[in-house]
Amino acid sequence: MNTTRKKKLPPGPRDWFFGVPQGLRIQADALHYYTELAQRYGDIAFFRAGPYRIHVVFHPDQIHEVLLTKAKSFEKMPKVRRVLSQLTGNGLVLSEGDFWQRQRRLGQAAFQPKRFEQYSRVMVERTLRLVERWDSAAGAPGSLDVDADRAMTDLAMEILAKTLFDVDIPAETAELGRAVALMSELFFKEISSLFVLPDWLPLPGKRRKRLAIRYLDETIRRFIGERRASGLDRGDVLSMLLLAVDHAGDGGGMTDEQARNEALTLLVAGHDSTAAGLTWVCYGLARNPGVAARATAEVDTVLGGRVPEYADVARLCYLEAVCKEAMRLYAPPFGVFTRRALADVEIGGYSVEKGSLVQMVCYLTQRDQRWFPDPGEFDPDRFAPGRIEQIRPYAYFPFGAGPRACLGSTFAMTEMILVTATILQRFELALAPGQQVVGLSGLSFRPKGGLRLRWTRRRG
Ligand code: HEM
């Protein structure tokens with residue numbers, strides 16, 4: 001009898017107030033809530049939050065079930081779809097079924113290896129501009145304090161604006177950056193709120209939202225119109241989206257409307273997450289001088305003082321491991337892994353009822369000492385040949401896993417490696433005096449209040 005009951009629902013907090021207290025606790029501090037949940041209830045937990053029945057799975061084997069073997073029994077959470085689709089329509093992150101599969105095939109065209117030489121040139125060239133500005137600002141003392149979170153957010157947008165849309169004008173890049181940052185913030189607020197006020201209300205926040213959506217919509221449609229008129233491949237992602245043909249499917253391409261949705265999806269999916277990734281790699285280097293010294297030595301040996309290029313990414317193995325370790329300890333996608341069961345399905349021996357939500361928190365699974373001994377240690381050698389094979393499958397998934405894994409993961413890894421290699425050629429990184437770091441879960445996991453680092457020009 002006990003076994004039957006146990007099979008029904010996993011352990012977890014029960015309350016008599018329709019789950020409102022759980023919803024409020026998550027809103028107040030999601031990271032703390034899920035950490036406690038894992039500590040108290042183990043590998044799988046269940047609770048109600050407002051109208052939702054939620055299963056949280058922390059064990060790699062169950063994550064494997066949800067993201068891969070039983071992926072067809074799940075869809076993205078409808079609330080996330082409702083919120084994001086206000087801007088991105090039925091773009092790749094949200095679409096499902098045959099339509100998603102077709103769009104994914106077409107989107108992949110923009111991320112083929114042959115496009116990466118051009119993307120890499122942009123990544124390095126934009127970073128060089130930044131380090132040269134810092135170099136002059138550092139003056140004779142040779143060091144300056146800069147908020148890495150702000151700097152990496154701007155840099156990630158400069159790189160995206162150029163690689164996605166061939167945008168070179170600083171004012172246009174800054175405007176895109178402001179609009180995307182506002183939308184990311186609003187998306188997180190709307191996804192995590194139990195109740196959202198209607199958009200037509202004459203409130204300043206609602207007006208800002210309407211203006212940002214209109215600006216992004218008009219700008220991307222203008223880019224698409226210009227590309228269609230010229231018919232040229234400008235080496236950017238948008239050109240590829242418009243030129244791609246679905247050879248494996250119906251032999252057609254994308255309509256302007258689909259291209260608009262996918263372009264905005266890539267802009268939103270690619271910005272906040274990559275900015276967070278770059279920031280945490282800088283933090284990992286600043287906090288761990290031994291790791292930074294080894295990464296710098298590798299950069300010097302591989303590059304011999306020249307500017308990095310795409311072919312170097314495969315040679316900067318230690319730096320790649322540093323980026324992977326930063327993605328383990330400070331996984332950007334804190335809140336995105338939520339799925340809704342399309343039918344009754346069994347996960348980890350418990351039944352998940354149709355309509356229930358299943359959540360995965362890679363931040364916590366990736367800090368579980370069963371899969372990562374001394375989990376708090378920043379140890380890039382976990383990803384070295386000989387040790388990487390020992391990492392349990394699905395214990396590490398900062399880019400997701402299974403069919404819905406990140407489309408931009410190679411782009412993001414290439415960017416993190418090339419940006420940090422270019423920085424390390426010129427600067428040593430340390431925390432600015434008095435800088436305390438607290439992680440904050442928003443649309444991506446970011447340092448609360450920024451991350452002031454001291455950048456010191458390397459001698460010689
Ligand atoms: C460090 C940077 C990044 C991280 C950590 C990251 C993480 C993720 C994760 C976890 C997912 C899966 C979400 C889920 O299963 O619910 C995802 C999906 C996606 N990402 Fe990324 N991402 C990053 C950068 C990028 C970039 C640079 C792009 C494009 C320019 C991008 C485009 C996408 C797209 C289109 C999807 C949806 C794929 C699909 O459903 O078929 N991401 N990303």
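Both ligands and their constituent atoms are indexed starting at 1 by order of listing.
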Give the atoms of ligand 1, by number and element, whose distance to some non-hydrogen atom of Ala269 is under 4.0 Å. 25 (C), 32 (C), 33 (C), 42 (N)
With heavy atoms of Gly270 as the reference, note each atom of ligand 1 found under 4.0 Å away. 25 (C), 26 (C), 27 (C), 28 (C)
If you draw a 6.0 Å radius around NZ in Lys189, do more than 12 non-hydrogen atoms from other residues or ligands fall strictly inside? no
Can you list the ligand 1 atoms lying under 4.0 Å from a non-hydrogen atom of Leu266? 29 (C), 30 (C), 35 (C)
Please confirm whether Thr265 comes within less than 3.5 Å of ligand 1 when only nitrogen or oxygen atoms on both sides are compared. no
Donor-acceptor check, side chain of Arg25 to backbone of His32, threshold 3.5 angstrom: yes or no? no
List every atom of ligand 1 that sits less than 4.0 Å from any heavy atom of Phe411, numbering the atoms from 1 in the order shown and giving each element. 27 (C)
Provide the full list of salt bridge (Lys or Arg N to Asp or Glu O under 4.0 Å) pairs with a residue in residues 111-123, sequence neighbours left out, each pair given once. Arg115-Asp233
Any heavy atom of Arg339 under 4.0 Å from ligand 1? The part involved is side chain
Can you name the nearest heavy-atom pair linking Gly107 to Leu241, along with the distance? CA-CD2, 4.1 Å
Any side-chain donor near an acceptor of the partner, Asp368 and Thr365, under 3.5 Å: no
Check: Pro60 and Tyr396 side chains under 4.5 Å, non-hydrogen atoms: no
Between ligand 1 and Lys76, can you find any atom pair, the residue atom being a heavy atom, that is separated by under 4.0 Å? yes
By salt bridge (Lys or Arg N to Asp or Glu O under 4.0 Å), which residues pair with Glu175, not counting sequence neighbours? Arg178
Leu92 heavy atoms within 4.0 Å reach ligand 1 at atoms 39 (C), 40 (O), 41 (O)
Nearest non-hydrogen atom to atom 5 (C) of ligand 1 belongs to which of Ala326, Gly107, Pro398? Pro398
Which one of Arg104, Lys72, Arg81 satisfies the salt bridge (Lys or Arg N to Asp or Glu O under 4.0 Å) criterion with Glu96? Arg81
Please confirm whether Ala405 approaches ligand 1 to less than 4.0 Å, judged on its heavy atoms. yes
Among Ser273, Gly402, Gly400, which one puts a heavy atom closest to atom 1 (C) of ligand 1? Ser273
In terms of atom number and element, which parts of ligand 1 are under 4.0 angstrom from non-hydrogen atoms of Trp100? 39 (C), 40 (O), 41 (O)
Check each atom of ligand 1 against the heavy atoms of Val93 and keep those under 4.0 Å away; list them by number with element. 36 (C), 37 (C)
By number and element, which atoms of ligand 1 are closer than 4.0 Å to a non-hydrogen atom of Ala412? 1 (C), 2 (C), 24 (C)
Under 6.0 Å from the ring centre and within 45 degrees of the ring axis: does the NZ or CZ of Arg328 meet both conditions for the six-membered ring of Phe372? yes
Provide the closest heavy-atom pair for Glu325 versus Asp379 in the form atom of the first, atom of the second, distance. OE2-N, 2.7 Å
Of the listed options Met77, Arg104, Glu96, closest to atom 41 (O) of ligand 1 (non-hydrogen atoms): Arg104
contact_flag Phe397 ligand 1 heavy-atom lt 4.0 Å: no
